[in-house]
Structure formats: structure tokens, C-alpha cells
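Below, chains carry the letters A, B, ... as their sequence lines are ordered, and counting in each starts from 1. Worth knowing before you read on, the calculation uses all heavy atoms, side chains too, and leaves out hydrogens, waters and symmetry mates.
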2 protein chains.
Amino acid sequence: MRASVSPDTSPPRGHEAKRLSIVDAAAGVFCREGFAGANIDLIAAEAGVSRQTVYNHHGDKEKLFMAVVRDLTDRCNVGIFATIATFPDQPGDLEADLIGFAVRLNQNCICNRDGKFLRKLIQTEGERYPQLFAEWREQGPGTTWPAIAARFARLAYGGYLTIDDPDVAARQFFGLVNAELQTTFMLGGTPREDEVVQSATNGVRTFLRAFGRRPSPGNVKKHTALANA
Amino acid sequence: MRASVSPDTSPPRGHEAKRLSIVDAAAGVFCREGFAGANIDLIAAEAGVSRQTVYNHHGDKEKLFMAVVRDLTDRCNVGIFATIATFPDQPGDLEADLIGFAVRLNQNCICNRDGKFLRKLIQTEGERYPQLFAEWREQGPGTTWPAIAARFARLAYGGYLTIDDPDVAARQFFGLVNAELQTTFMLGGTPREDEVVQSATNGVRTFLRAFGRRPSPGNVKKHTALANA
DNA sequence: GACGATTTAGACAAGACTGTCTAAATTTAT
DNA sequence: ATAAATTTAGACAGTCTTGTCTAAATCGTC
């Protein structure tokens with residue numbers, strides 16, 4: 001149970017750094033070339049290590065691939081939850097706040113390096129590793145969608161929106177907000193910031209036309225008053 | 001100008017059939033294995049021809065790949081335009097008719113064999129062949145989106161919808177209607193029919209909450225009367 | 001400065017794949 | 001039936017890749 005020699009920094013300092021740089025390089029190469037086309041020599045070169053070191057760390061091309069997917073999933077999840085934390089629970093300007101949230105999520109989680117890579121690996125190799133990607137599905141969408149849906153539910157409870165099913169609304173929010181980016185995403189491209197903003201703006205406007213406060217105008221005041229009490 | 005020997009059936013009967021079966025088999029293998037992982041021996045075996053025949057017909061792995069993408073694009077386009085032709089221009093029950101259209105488009109164009117394959121090839125190899133996929137972009141989305149947008153515009157002109165920008169509305173329609181299928185699409189899966197119907201139903205309802213006839217209730221009658229005149 | 005762990009370069013065997021070639025077999029149309 | 005075109009099976013050279021092995025070099029720490 002107790003560590004006899006060294007406390008818990010057993011691996012030398014550079015060890016983990018190399019591991020990281022290998023996984024990073026591997027992510028890029030796997031994305032560009034696909035699993036079959038990925039060349040371990042090239043990964044080693046891009047990581048700045050020798051081929052043998054790659055094998056020392058990960059043992060196997062397939063194991064390396066799995067490490068890449070798991071790492072990307074973890075890092076993306078961190079980013080997504082950090083962004084969800086910025087969801088406007090008590091919005092001043094609902095439209096502007098939701099647009100801001102959508103843009104943040106796109107820029108920080110979907111369109112950044114990790115997001116792009118993870119998405120591509122899922123698309124290209126998902127069918128080859130059902131177990132690995134079942135894991136991703138649980139860890140990723142399985143945890144993030146409910147979290148987002150909960151935020152929309154709270155917004156509805158606060159009287160800012162009129163929503164039947166928060167889970168459906170959450171997914172539709174994304175469908176709308178990314179509606180104009182689909183073709184770019186398909187080809188693996190990164191939309192320009194103004195495209196992201198444009199799509200988010202149009203999407204949020206439509207979303208609010210559908211779900212914006214409808215029933216009684218007094219509703220909101222009542223709820224906000226309660227929240228401020 | 002005139003065909004001297006044989007009218008225009010120059011190639012023997014089985015020739016084109018073999019070409020087709022090669023392209024078909026190649027589509028499946030390229031999708032499953034990726035370009036680099038695709039094995040020409042395997043393609044030949046699945047097509048039921050010898051490897052040499054594959055080379056006789058297409059010359060080269062890369063040329064074969066391009067032939068596959070072009071064939072799929074063509075066939076998908078045919079399907080999409082056939083489905084667009086069933087767009088409800090003068091709907092009886094607008095909600096039901098739009099749901100039907102969305103479901104048809106998904107089942108006949110997006111989720112069928114050709115649609116799945118083309119989508120996957122674009123996702124996985126799009127970045128490797130910029131020119132080829134620029135071609136696809138023109139031939140595919142470049143022609144189908146305007147056609148669909150035109151149908152929505154007509155629906156708006158007929159007073160059935162209140163739409164600012166038909167192009168945006170068309171893309172948002174798809175974002176909504178496929179909102180609940182994204183994860184399945186990502187992993188290359190085929191959603192069950194009831195999932196397609198469910199997502200389409202929820203999507204169309206939201207779409208109509210946003211774009212359904214709003215301004216004056218008399219609007220519709222006037223326009224339909226005109227159309228019937 | 002010395003020790004243990006890690007990393008490196010390079011060689012290596014085994015296997016897989018592409019694309020070509022040839023000669024025989026088969027199909028198609030006349 | 002015959003002639004032309006097409007297809008087939010198989011061998012083949014050349015290239016590439018993975019994963020292992022070894023001996024030397026380097027790093028981090030005491």
C-alpha cells in the first residue's frame with residue numbers, strides 16, 4: 001500500500017511530457033491520414049522522439065490510437081463543462097447572451113484543435129472500435145447533453161423560455177446554431193469567426209421565435225422577483 | 001459523326017455491369033477501411049472480378065476513388081431532386097406534410113446506402129482531395145440547397161410561412177429535423193425509422209413555432225384563392 | 001561523479017500492398 | 001464457327017510498415 005522508495009513522482013519529469021507530445025502528434029497524424037494510413041515513424045518524428053519511445057509508451061498502434069481518443073475525450077469534456085458553466089442562467093439580454101454562449105461553445109469546444117480532431121476520429125474510425133466509442137458516447141454526449149438540457153430547463157423555469165422537453169430543446173438549439181456550418185464541418189474545415197457568429201445569431205433568433213416567452217408577460221417579473229429575493 | 005461499326009453499344013453488355021459492380025464494392029471498402037486501408041484485392045473479390053479487371057477499368061487506386069465519389073454524388077443528387085419534387089407546395093396539413101417531406105429526404109437520400117457512403121467519404125477524405133470535393137460541393141450542396149430554399153420561399157409567398165431569408169430557413173429546417181440524429185450520424189450508424197420520424201416531428205413543430213403563419217390570419221385565404229384562380 | 005532509468009539510432013525479419021506482366025480462358029458479336 | 005475484345009489467375013519486383021532487438025548515449029538524481 002505505501003510507496004517505499006519515491007512518494008508518487010516515480011516517473012522522471014520528462015516522461016509524462018513525452019507521453020503527451022506523442023499523443024498530441026498521433027492525434028494529428030491519425031486525423032490527417034486515418035488509422036491505416038498513419039505512420040508510426042511520422043508520429044515519432046512529429047513528436048520529436050524516436051520510434052522506440054513510442055512503442056515504449058504505448059506498446060502498439062491500436063493502443064496508441066485508443067489513448068488518443070481517451071485523451072481527446074477528456075480534454076474536450078473539460079472544455080465543454082467549463083463553457084457550460086458560462087451559460088446565462090439569469091440573462092440580461094437573452095438573445096445576446098445565448099448567442100454569446102453558442103459562439104463560446106463553438107470556438108472553445110467544437111472548432112478548436114481537440115474538438116476538430118475528436119470529431120474526425122469518431123467519424124472515421126467509430127465503426128471499427130464499437131467498445132471504445134461506446135465509452136466516448138457515455139463520457140461525452142452522455143454527460144454533456146443532460147448538463148446543457150438542465151440549463152435550458154432552469155431558463156424555462158425562470159420564465160425566460162417556454163419549453164416542453166428540455167432535452168429536445170437543447171439538441172434543437174445546437175441544430176439551429178450550427179445550421180449554417182454543416183458543410184464546413186463535413187469537410188473538416190474550421191469556420192471563420194464571423195461565420196460562427198452569423199450562424200449563431202440566426203439560430204438563436206429562430207430558437208427564440210419558437211421558444212421565447214409566450215404565455216403571460218407577467219410571468220417573467222414574478223420569477224425574477226423571486227430569484228432576487 | 002456517324003458510328004461506322006456498331007451504333008452506340010460499343011462496349012459489350014457485361015462491361016458496364018462490371019464497372020458498376022467494381023465501383024459499388026469499392027464504395028463499401030473505402031468507407032469501411034478508409035482510402036489507405038482499402039485493399040484492391042478485397043475490392044476485386046467483393047465485386048466478383050479479378051484484380052486485373054479493376055486496373056483495366058480504373059487504372060489506379062486514386063482514380064478508382066474519384067470515380068466512386070463522382071458516382072455517389074450523381075446518384076445522390078438524382079435521389080435528392082426526386083425527393084425535392086415531392087415538396088408540399090400547397091399543403092393540406094402543413095405540419096404533417098413537412099414531416100413527411102423531412103422523413104422522405106432522410107430515408108431516401110441521407111440514410112440510404114449511397115447517402116451514408118458519400119457522407120463518410122467526404123468526412124474522411126475530403127481534406128486529401130480539395131479539388132474533387134470542391135467539385136462535389138458545387139454539384140451537391142451548391143445545387144440542392146437553392147432548390148430547397150426556393151420551395152420554402154414559395155411556401156412563404158403562398159402565405160403558409162413567415163420567412164425572412166429562405167436560404168437560412170432551409171438550412172435551419174434541416175438542422176432542426178436532424179437535431180436528434182447527430183450522434184448516430186457521427187458514428188456512421190443508421191437511425192431506426194421511428195427515430196427519424198420522432199426527430200422530424202419535433203423539428204417541424206419547432207420550425208412551425210418559429211416560422212408558422214403569424215401576421216394576419218386572412219393572409220392565407222387570399223393567396224390560396226389567387227392560386228386557385 | 002556515479003548510478004539507474006530512459007531514450008536513441010539503426011538494423012532486422014516478416015508480412016502486406018500496389019501496379020505490371022503474361023499466357024490462357026472466356027465472352028460477345030458477326 | 002470465328003475473330004476480336006475482355007477477363008482471369010498467377011507470378012513478380014519494388015516498396016512500405018510494423019514491431020522487435022541491441023548497444024550506445026543521454027538524462028535526472030543523489
Residues two or more places apart in sequence or in another chain: which of them pass salt bridge (Lys or Arg N to Asp or Glu O under 4.0 Å) with D71(A)?
-> R19(A)

With sequence neighbours left out, what residues match D164(B) under side chain to side chain contact (heavy atoms under 4.5 Å, CB included)?
-> R209(A)

Residue pairs meeting ring-ring contact (aromatic ring centres under 6.0 Å, His included), one or both in residues 167-191 of chain A, sequence neighbours left out, come to W145(A)-F174(A), F152(A)-F173(A), F173(A)-F207(A)

Check residues 133-142 of chain B and write down every donor-acceptor pair under 3.5 Å in which the side-chain atom is one partner and the other belongs to a residue at least two apart or another chain.
from: E135(B); atom 1: OE1; to: R70(B); atom 2: NH2; distance (Å): 3.3
from: E135(B); atom 1: OE2; to: R70(B); atom 2: NE; distance (Å): 2.6

Using only side-chain N and O atoms of K18(B), determine if any of them is under 4.0 Å from OP1 or OP2 of dT8(D).
-> yes

Sorted by first residue and then second, give each ring-ring contact (aromatic ring centres under 6.0 Å, His included) pair with at least one member in residues 44-63 of chain A; sequence neighbours left out.
-> H15(A)-H57(A)

Could you pull out every donor-acceptor pair under 3.5 Å between side chains of residues 38-46 of chain B and any protein atom, sequence neighbours left out?
from: N39(B); atom 1: OD1; to: D41(B); atom 2: N; distance (Å): 2.7
from: N39(B); atom 1: OD1; to: L42(B); atom 2: N; distance (Å): 3.3
from: D41(B); atom 1: OD1; to: R51(B); atom 2: NH1; distance (Å): 2.4
from: D41(B); atom 1: OD2; to: R51(B); atom 2: NH1; distance (Å): 3.3
from: E46(B); atom 1: OE2; to: R32(B); atom 2: NH2; distance (Å): 3.0

Whole-Å distance between dT8(C) C1' and H57(A) NE2?
-> 12 Å

Per-nt protein contacts along nucleotides 12-20 of chain D (heavy atom under 4.0 Å; B base, S backbone sugar-phosphate only, - none) come out as -----SSBB

Hey, could you give me each pair passing side-chain hydrogen bond (donor to acceptor under 3.5 Å, both in side chains) that has a residue in residues 116-127 of chain A? Not counting sequence neighbours.
-> K116(A)-T190(A), K120(A)-E127(B), E125(A)-R128(A), E127(A)-K120(B)

Looking only at side-chain N and O atoms, does T53(B) come under 4.0 Å of OP1 or OP2 in dT8(D)?
-> yes

For nucleotides 23-27 of chain C, list the nitrogen or oxygen atoms of the protein found under 3.5 Å from its nitrogen or oxygen atoms, one pair per line.
none

